[in-house]
There are 2 protein chains.
Amino acid sequence: MSDIRVTVDVVIFTIQESRLGVLLVRRGIPPFEGAWAIPGGFVLPEEGLEQAARRELEEETGVREVYLEQLYSFGNPGRDPRGRVVTVAYYALISPERKIQAGSDAAEARWWPMDGLPELAFDHAEILRYAHERLRNKLEYTTVGFQLLPESFTLTELQQVYQAILGRPLDKRNFRRKIDLLGILTPLKEQRRQGPSRPARLYRFSAARFERLRDKGILFPF
Amino acid sequence: MSDIRVTVDVVIFTIQESRLGVLLVRRGIPPFEGAWAIPGGFVLPEEGLEQAARRELEEETGVREVYLEQLYSFGNPGRDPRGRVVTVAYYALISPERKIQAGSDAAEARWWPMDGLPELAFDHAEILRYAHERLRNKLEYTTVGFQLLPESFTLTELQQVYQAILGRPLDKRNFRRKIDLLGILTPLKEQRRQGPSRPARLYRFSAARFERLRDKGILFPF
DNA sequence: ACAAAAGTGTTCGATATACACCCATGT
DNA sequence: ACATGGGTGTATATCGAACACTTTTGT
């Protein structure tokens, strides 16, 4: 009755050089040969949608256990010239430390900054816009932002993540007060030295405190 | 490669007797024979997802041009015992005035209150929970609530819609101040008399003012 | 007169915003 | 000594929450 093929596409975000980046693969064959695309592939007969997305993610980056969330499904007839394809789009957040060599498989793959994207295949520009918007919104009422940082980080780095996603500067004092009020950071003994300036204190995300908040319905990140 | 069938399911909300209601159809055949289900059907080869959802909606209720939004896609293998089916779920809001006879086609269909649902087929209980949650959230930062009311309505009726969706009472004065502050209601000359009490002023949703707000990025309902 | 729903303001706490200087370190 | 990023507090505006009485009508 409906011979529609189902794929998952996974928008994989990271932070690089204080900017929001996304992993894209270069298409080697038509259609859109030479254009860049969001990594993805067909859903296998026996796997769930999220499972398929995690598989694609791991094939592409080698990482597991990352933040992954379903974004939206795109299915206009004509979005793929080869036939009817409905794609269930997901987005994932991976921290720079885990950002292994992109493109474990043969295809060319690289990180692109969201504010300087190349020509994109299919309706992938739309999917990226949508993913970015979702991420921006989620940032304001969840703790997804922490997913883009390594285990220990400085407050400045955290602020840079927020700024990279929101695309605007934030006030340092207000930002720190807000984070402090959330009460989900544990200060570490170590500091980070990086050149000729005062060392910055390191923190880590406190899952324990976070759980308490989530149980009160304040947050909803995983 | 992937012989997955794709359906759309449409959670159709309305307000009845000041409660949130949903349209369900009774299954006449196995599996889940006799259980109630969210209306839906296969996506046709040449139609888009939203288009398919609107078609199902119209087939089921006869109405067009209603608020319709994609909810989430469900695709666990095993969610349908007959085979692999991925469903793209939507939800729609229709006002009581437009609430024509449910079930234009042969199948038995009726409105159920969200706080007293029958046994549901497939994973439809999960889909309904999800839809209700989305609606609750959207209510707080958009104007979707107005979609559930006829063109003219009283402030008390509007408040009842909010209460029905949120599942808790709201303070009348705070509620009215908030609505007033939005500046999207136009008072009408008419009043509504209904028994032995003071008549209530009627209002209508002011699209013009609403547009201005939306352009400022305050609201995002259509 | 009374029952029933409509209508109307103020106070308080919490939260968001705007804003500028000193501190610790490497060179 | 100076250049670099780290760290800190206060004042104001805005928003949400709590709370009770008067008004208008039908019977």
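All of these numbers come straight from a predicted model, not from anything done at the bench. Every chain is numbered from 1, with letters handed out A, B, ... down the list of sequences.
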- [ ] List the atom of A:Val10, the atom of A:Ala53, and the distance in Å for their closest heavy-atom pair.
- [x] CG2-O, 3.7 Å
Task: A:Arg173 CZ - D:dT10 P separation (whole Å) - done: 12 Å
Open item on the list: By nearest heavy atom, map B:Lys178 and A:Gln194 onto DNA chain D; which one lands nearer the 5' end?
Closed with: A:Gln194
Task: Nucleotide of D:dT8, D:dG5, C:dG7 approaching A:Lys172 most closely (side-chain heavy atoms) - done: D:dT8
TODO: Verify, without hydrogens or angle tests, whether A:His132 (side chain) and A:Leu20 (backbone) share a donor-acceptor contact under 3.5 angstrom.
DONE: no
Open item on the list: Nearest whole Å is fine: how far is D:dG26 P from B:Arg192 CZ?
Closed with: 15 Å
Task: Rounded distance (Å) that lies between atom P of C:dA14 and atom CZ of A:Arg177 - done: 15 Å
Open item on the list: Rounding to an integer number of Å, can you tell me how far B:Asp171 CG sits from C:dT8 P?
Closed with: 14 Å
TODO: Write down the distance between CZ (A:Phe153) and P (D:dG6), rounded to a whole number of angstrom.
DONE: 14 Å
Task: Residue closer to the 5' end of DNA chain C, A:Pro196 versus A:Asn174 (nearest nucleotide) - done: A:Asn174
Open item on the list: Checking A:Tyr91 against A:Glu69: is there a side-chain donor and acceptor pair closer than 3.5 Å?
Closed with: yes
- [ ] Nearest whole angstrom, please: distance from the C1' of C:dT27 to the CZ of A:Arg193.
- [x] 16 Å
TODO: Please work out if B:Thr156 contacts a base, only the sugar-phosphate, or nothing of the nucleic acid, heavy-atom cut-off 4.0 Å.
DONE: sugar-phosphate
- [ ] Pick base, sugar-phosphate or nothing for A:Arg201, based on heavy-atom distances below 4.0 Å to the nucleic acid.
- [x] sugar-phosphate
TODO: Report yes if some heavy atom in the side chain of B:Leu188 is under 4.5 Å from a heavy atom in the side chain of B:Tyr203; otherwise report no.
DONE: no
TODO: Nearest whole angstrom, please: distance from the P of D:dT10 to the CZ of A:Arg176.
DONE: 17 Å
TODO: Provide, to the nearest angstrom, the distance between the CG atom belonging to A:Leu181 and the P atom belonging to C:dT15.
DONE: 6 Å
